[in-house]
Amino acid sequence: MSGRRALRAVLVDLSGTLHIEDTATPVRSSWSGSARPRWAVRFVTNTTKECKRNLLETPEEEIFTSLSAARRLVEQNHQRPLLLVEDSALEDFAGLDTSNPNAVVVGLAPQHFNYQTLNTAFRLVLEGAPLVAVHKARYYQRGDGLALGPGPFVTALEYASGRSAVVVGKPQETFFTQVPDSGMQPGEAVMIGDDARDDVGGAQNAGMRGILVRTGKYRVGDESKISPGPYLTCDSFPDAVDHLLKDLL
């Protein structure tokens, strides 16, 4: 990676990288001791089950979620969304007018993915309402194993309506480029995550370096799902941090 700019920002995925549901993955003290004063740290996540306030005990300005990106989009377009997200995530859309919806926003909402609700969304999209996908992850890691993400449900609505969704979360390049501080170049940032396509591939397509960790949803061979492959693959988040501290300071 010769010719790269000096590292100024570290983007960190949450689910599967720092935690799996309510269980935290190991994070050694060197992360908060040595790294944070040198780099801007941003926690970036596609999770749509929790509002930003509930995600981490960290300042909200350090967290950028696909929910944030979805809200920004519907506000810019003055839309009234039908929100297919978990009740715990609705806080991130507080204050929006959702009466007489003219747009559909789909996140991860297991409790709402039933025939009646999806059919309501289908009819709106068929009549011309924009379909906004908070993200299109195929699956994610839960404590009891892999589980369907919102991607299959978004794809079902696309197939039935013949219309394509606007995707706002990872791996969209626009998601990654909104995260670093103003004036920072993509080559000055690295992304750490457990999803080869959405975390690593998305970041690298945006000009960043991507580190894949073998935790969470990672499965053997995931490195080959993207081209070019990851800048680095590590067993865990602490191992990725060790590499940054050793080689990229």
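- The two residues F93 and L67 come nearest to each other via the heavy atoms CE1-CD2, 3.6 Å.
- Following chains of ILVMFWY side-chain contacts shorter than 4.5 Å, one can reach V213 starting from L244, so the two form part of one hydrophobic cluster.
- Taken to the nearest 0.5 Å, the CG atom of L118 stands 11.5 Å off from the NE2 atom of H112.
- With a 4.5 Å cut-off on side-chain heavy atoms, L232 and L212 do not count as touching.
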Discussion item. I'd like to know whether R219 forms a side chain to side chain donor-acceptor pair (under 3.5 Å) with Q141, so could you lay out the CA-CA distance, the side-chain angles of the two residues, the decisive distance to 0.1 Å, and finally the verdict.
Written reply: CA-CA 11 Å; R219 295 296 185 270; Q141 183 70 34; 3.3 Å; yes
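- Residues A137 and P152 come closest through the heavy atom pair O-CD, 3.8 Å.
- Summarising the geometry of D199 relative to G193, their closest heavy-atom pair is OD2-CA, 3.4 Å, with the distance given to 0.1 Å.
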Item to complete: Check the pair R197, D195 against salt bridge (charged side-chain N to carboxylate O under 4.0 Å, His left out), reporting the backbone distance first and the verdict last.
Response: CA-CA 6 Å; R197 293 188 183 96; D195 189 311; 5.9 Å; no
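- Note that CE of M208 and CD of Q185 are 10.5 Å apart. Values are rounded to the nearest 0.5 Å.
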Worksheet item: Could you walk me through whether T65 and S68 pass the side chain to side chain donor-acceptor pair (under 3.5 Å) check?
Response: CA-CA 5 Å; T65 76; S68 306; 3.1 Å; yes
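- Shown here for F176 and D198, the closest heavy-atom pair between the two residues is CZ-O, 3.4 Å.
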Worksheet entry | Check against side chain to side chain contact (heavy atoms under 4.5 Å, CB included), V132 and V106 | CA-CA 6 Å; V132 178; V106 182; over 6 Å; no
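- Inter-residue side-chain proximity for I192 and V10 is flagged as met; some heavy-atom pair is nearer than 4.5 Å.
- Look at R209 and E188 and you find no salt bridge, because none of the NZ, NE, NH1 or NH2 atoms lies under 4.0 Å from a carboxylate O.
- Here the side chains of L90 and L83 are in contact, with some heavy-atom distance below 4.5 Å.
- No side-chain heavy atom of R80 sits under 4.5 Å from any side-chain heavy atom of T98.
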Discussion item. Apply salt bridge (charged side-chain N to carboxylate O under 4.0 Å, His left out) to residues E127 and R123 and explain how you reach the verdict.
Written reply: CA-CA 6 Å; E127 293 169 0; R123 289 175 176 176; over 6 Å; no
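- To the nearest 0.5 Å, atom OG of residue S161 and atom OH of residue Y159 are 11.5 Å apart.
- Between the OG atom of S164 and the CG atom of L131 there is a distance of 9.0 Å, given to the nearest 0.5 Å.
- In this structure, S66 and V168 approach most closely via the heavy-atom pair O-CG2, 3.8 Å.
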Practice prompt. Could you walk me through whether E158 and R163 pass side chain to side chain contact (heavy atoms under 4.5 Å, CB included), step by step?
Written response: CA-CA 5 Å; E158 290 179 314; R163 297 172 62 88; over 6 Å; no
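- Note on L82: it clusters hydrophobically with V154, by side-chain heavy-atom contacts below 4.5 Å among ILVMFWY residues.
- Checked against the 6.0 Å centroid criterion, the rings of Y140 and H135 do not qualify as a close aromatic pair.
- Side chains of R71 and D92 form no contact here, defined as non-hydrogen atoms less than 4.5 Å apart.
- Within the 4.5 Å cutoff, no side-chain heavy atoms of M191 are placed close to those of Q204.
- The two residues T17 and F237 come nearest to each other via the heavy atoms O-CB, 3.9 Å.
- Within 6.0 Å of the CZ atom in R138, the count of heavy atoms belonging to other residues, nucleotides or ligands does not exceed 12.
- Cluster membership for V167 and V85, using ILVMFWY side-chain heavy atoms within less than 4.5 angstrom, is not shared.
- Put simply, the side chain of T117 never gets that close to the backbone of F113: no donor and acceptor are under 3.5 Å apart.
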Item to complete: For R214 and E223, run side chain to side chain contact (heavy atoms under 4.5 Å, CB included): C-alpha distance rounded to whole Å, both residues' side-chain angles, the deciding distance at 0.1 Å, then the answer.
Response: CA-CA 10 Å; R214 299 187 183 98; E223 297 91 335; 4.1 Å; yes
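- With a 4.5 Å cut-off on side-chain heavy atoms, Q79 and P130 count as touching.
- We find the CD1-CG distance between I211 and D194 to be 13.5 Å, quoted to the nearest 0.5 Å.
- Between R42 and V12, the closest side-chain pair of non-hydrogen atoms is not below 4.5 Å.
- Both tests hold for K217 against Y139: distance to the six-membered ring centre under 6.0 Å, angle to the ring axis within 45°.
- In this structure, N205 contributes its side chain and G201 its backbone to a donor-acceptor pair below 3.5 Å.
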Practice prompt. Apply the test side chain to side chain contact (heavy atoms under 4.5 Å, CB included) to residues K225 and D222: give CA-CA distance (whole Å), side-chain angles for both, the deciding distance (0.1 Å), then the verdict.
Written response: CA-CA 5 Å; K225 293 179 178 178; D222 279 357; 2.9 Å; yes
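- Hydrophobic clustering of Ile, Leu, Val, Met, Phe, Trp and Tyr side chains at less than 4.5 Å, counting indirect connections, keeps L146 apart from L108.
- Y231 and V200 are not part of a single hydrophobic cluster, where members link through side-chain heavy atoms under 4.5 Å apart.
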Worksheet entry | Trace of the salt bridge (charged side-chain N to carboxylate O under 4.0 Å, His left out) decision for D13 with K170 | CA-CA 10 Å; D13 174 54; K170 296 180 290 185; 2.9 Å; yes
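- Rounded to the nearest 0.5 angstrom, L18 CG and T215 OG1 are separated by 8.5 Å.
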